[in-house]
Amino acid sequence: MPGIADATPGGRCRFDAIARWLQDVAYEDILDAGLEGRGAWIVRRTRIRVESFPRFGERMSVRTFCTGIGRFSAERSTSIQSQSATVDAVSTWVYLDPKTGRPLRFEPEFHEIYGESAQGRDANVRRRHPDPPGGAQRSTWFFRASEMDPAGHINNSHYWTPFEEELAAGPEPERVDAEIEYRDAAIPGEVAVLRDGRSTWVASTDGTVHASIVRA
């Protein structure tokens with residue numbers, strides 16, 4: 001059930017909250033599969049398609065399953081349903097050696113557990129979003145130390161917060177389809193938010209892009 005901190009004043013659950021639910025259910029699924037501690041996972045890309053938003057206080061059902069396996073990456077699809085909500089998300093995760101940070105091939109057990117639902121589909125991690133143009137509108141954002149996670153960098157859900165600021169500036173949205181790509185992990189401190197049309201980039205002050213969001 002969404003909590004008070006997950007929702008806007010109008011009761012709509014925010015994108016950063018939905019992103020937290022996605023990563024939490026993914027971790028719970030890995031625990032349930034008995035694969036905890038085999039390797040580290042980082043999310044490379046997530047597309048969230050909201051036909052209708054979850055609302056504060058509503059009970060939800062969350063269903064997740066593997067829909068693609070690459071050499072060292074996997075695609076996970078997740079659906080969120082409630083009395084009023086319909087959300088479908090697809091994330092691509094990269095599997096890493098926790099000691100070296102290098103891509104790690106999957107153990108046979110991973111294929112045994114998730115191969116049936118993946119049905120031979122790949123999990124492509126190639127970047128799809130462009131770099132920000134030179135004339136993009138620029139503003140300042142600050143990531144806080146309290147937004148870091150156990151991986152030692154800003155948690156992926158917090159990159160949606162500047163996007164939520166855009167939504168808050170207009171009328172309450174009924175449906176949104178947006179995709180985020182993560183590039184270079186951010187640490188606490190000042191970052192730049194660049195906007196051009198339906199695209200948003202979060203970048204360091206020296207121009208390194210941390211993440212990009214494209215709204216369909």
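- Between T200 and E166, the side chains place a donor N or O and an acceptor N or O closer than 3.5 Å (distance only, hydrogens not considered).
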Residues R183, D131; criterion side chain to side chain contact (heavy atoms under 4.5 Å, CB included); working and verdict: CA-CA 11 Å; R183 302 193 195 180; D131 291 327; 2.6 Å; yes

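- F53 is not listed as a side-chain neighbour of C13, based on a closest heavy-atom distance of 4.5 Å or more.
- For residues 176-202, every residue pair satisfying the ring pair (Phe, Tyr, Trp, His ring centres under 6.0 Å) rule, not counting sequence neighbours, is listed here: Y159-Y182.
- The closest side-chain donor-acceptor pair between E51 and T86, if any, does not fall under 3.5 angstrom.
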Check against side chain to side chain contact (heavy atoms under 4.5 Å, CB included), V202 and W141: CA-CA 9 Å; V202 178; W141 192 264; over 6 Å; no

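- Among residues two or more places apart in sequence or in another chain, the salt bridge (Lys or Arg N to Asp or Glu O under 4.0 Å) test is passed with R14 by D16.
- Under 4.0 Å is where a charged nitrogen must lie from a carboxylate oxygen, and between R47 and D177 at least one such pair does.
- Residues S212 and H129 approach most closely at OG-ND1, 2.7 Å, considering heavy atoms.
- For S139, the side-chain hydrogen bond (donor to acceptor under 3.5 Å, both in side chains) test picks out R195, with sequence neighbours left out.
- Applying the side chain to side chain donor-acceptor pair (under 3.5 Å) definition to pairs two or more places apart or across chains, those involving residues 28-37 are Y27-E36, D29-R76, D29-Y114.
- Remark: E165 engages no residue in a side-chain hydrogen bond (donor to acceptor under 3.5 Å, both in side chains) (not counting sequence neighbours).
- Evaluation of the side-chain hydrogen bond (donor to acceptor under 3.5 Å, both in side chains) rule for E190 yields no partner, not counting sequence neighbours.
- Note that the CD1 atom of I80 and the CG atom of D88 stand 9.0 Å from one another [nearest 0.5 Å].
- Side-chain heavy atoms closer than 4.5 Å link hydrophobic residues (I, L, V, M, F, W, Y) into clusters, and following such links, even through other members, never connects L194 to F143.
- Note that CD1 of I48 and CG of L22 are 5.0 Å apart. Values are rounded to the nearest 0.5 Å.
- V90 places a side-chain heavy atom less than 4.5 Å from the side chain of R49.
- Applying the ring-ring contact (aromatic ring centres under 6.0 Å, His included) criterion to W160, with sequence neighbours excluded, gives F15, F163.
- Hydrophobic clustering (ILVMFWY, side-chain heavy atoms < 4.5 Å, transitive): W41 and I113 are in one cluster.
- Under the 4.5 Å side-chain heavy-atom criterion for grouping Ile, Leu, Val, Met, Phe, Trp and Tyr, I180 is not connected to V125 through any hydrophobic cluster.
- Taking R45 as the reference, E181 meet the salt bridge (Lys or Arg N to Asp or Glu O under 4.0 Å) condition, with sequence neighbours excluded.
- Residues I213 and V209 do not share a hydrophobic cluster, clusters being chains of Ile/Leu/Val/Met/Phe/Trp/Tyr side chains in contact below 4.5 Å.
- No continuous path of ILVMFWY side-chain contacts below 4.5 Å connects F56 to V62, so the two sit in separate hydrophobic clusters.
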Enumerate donor-acceptor pairs with a distance under 3.5 Å from any side-chain N or O in residues 65-73 to protein atoms, sequence neighbours excluded.
from	atom 1	to	atom 2	distance (Å)
T67	OG1	E75	OE2	2.7
T67	OG1	S77	OG	3.0
S73	OG	A123	O	2.7

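- Between R12 atom CZ and S52 atom OG the span is 12.5 Å, to the nearest 0.5 Å.
- Checking side-chain atoms of H210 against main-chain N and O of D184 turns up a donor-acceptor pair under 3.5 Å.
- Not a single salt bridge (Lys or Arg N to Asp or Glu O under 4.0 Å) links R121 to another residue, sequence neighbours left out.
- For the atom pair OG of S204 and CD1 of I187, the computed distance is 9.5 Å after rounding to the nearest 0.5 Å.
- Evaluation of the salt bridge (Lys or Arg N to Asp or Glu O under 4.0 Å) rule for R44 yields no partner, not counting sequence neighbours.
- Interatomic distance, L167 CG to E164 CD, rounded to the nearest 0.5 Å: 5.0 Å.
- At least one side-chain heavy atom of R20 sits less than 4.5 Å from a side-chain heavy atom of D6.
- The shortest side-chain heavy-atom distance between V214 and R198 does not fall under the 4.5 Å cut-off.
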Donor-acceptor pairs under 3.5 angstrom involving side-chain atoms of residues 94-103: please list them, not counting sequence neighbours.
from	atom 1	to	atom 2	distance (Å)
Y95	OH	R38	O	3.3
Y95	OH	G39	N	3.3
Y95	OH	E107	OE1	3.2
Y95	OH	E107	OE2	2.9
D97	OD1	K99	N	2.8
D97	OD1	T100	N	3.4
T100	OG1	R102	N	3.2

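- Put simply, the side chain of S79 does not reach to within 4.5 Å of the side chain of V87, judged on heavy atoms.
- The backbone N or O of S84 lies less than 3.5 Å from no partner atom in the side chain of R55, so there is not a single donor-acceptor pair.
- Two residues are said to be in side-chain contact when any heavy atoms from C-beta on lie closer than 4.5 Å; P188 and E147 fail this criterion.
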Check against side chain to side chain contact (heavy atoms under 4.5 Å, CB included), N155 and M148: CA-CA 5 Å; N155 184 261; M148 294 181 71; over 6 Å; no

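- Taking both residues in full, the closest heavy atoms of L35 and E109 are given as CD2-CB, 4.2 Å, listed atom of the first, atom of the second, then distance.
- For the pair T78/W21, no side-chain contact is recorded, criterion being any heavy-atom separation below 4.5 Å from C-beta on.
- Atoms CZ and CD, from R59 and Q83 in turn, are 12.5 Å apart once rounded to the nearest 0.5 Å.
- Using a 3.5 Å distance cut-off with no hydrogens or angles, the side chains of N156 and Q23 do pair a donor with an acceptor.
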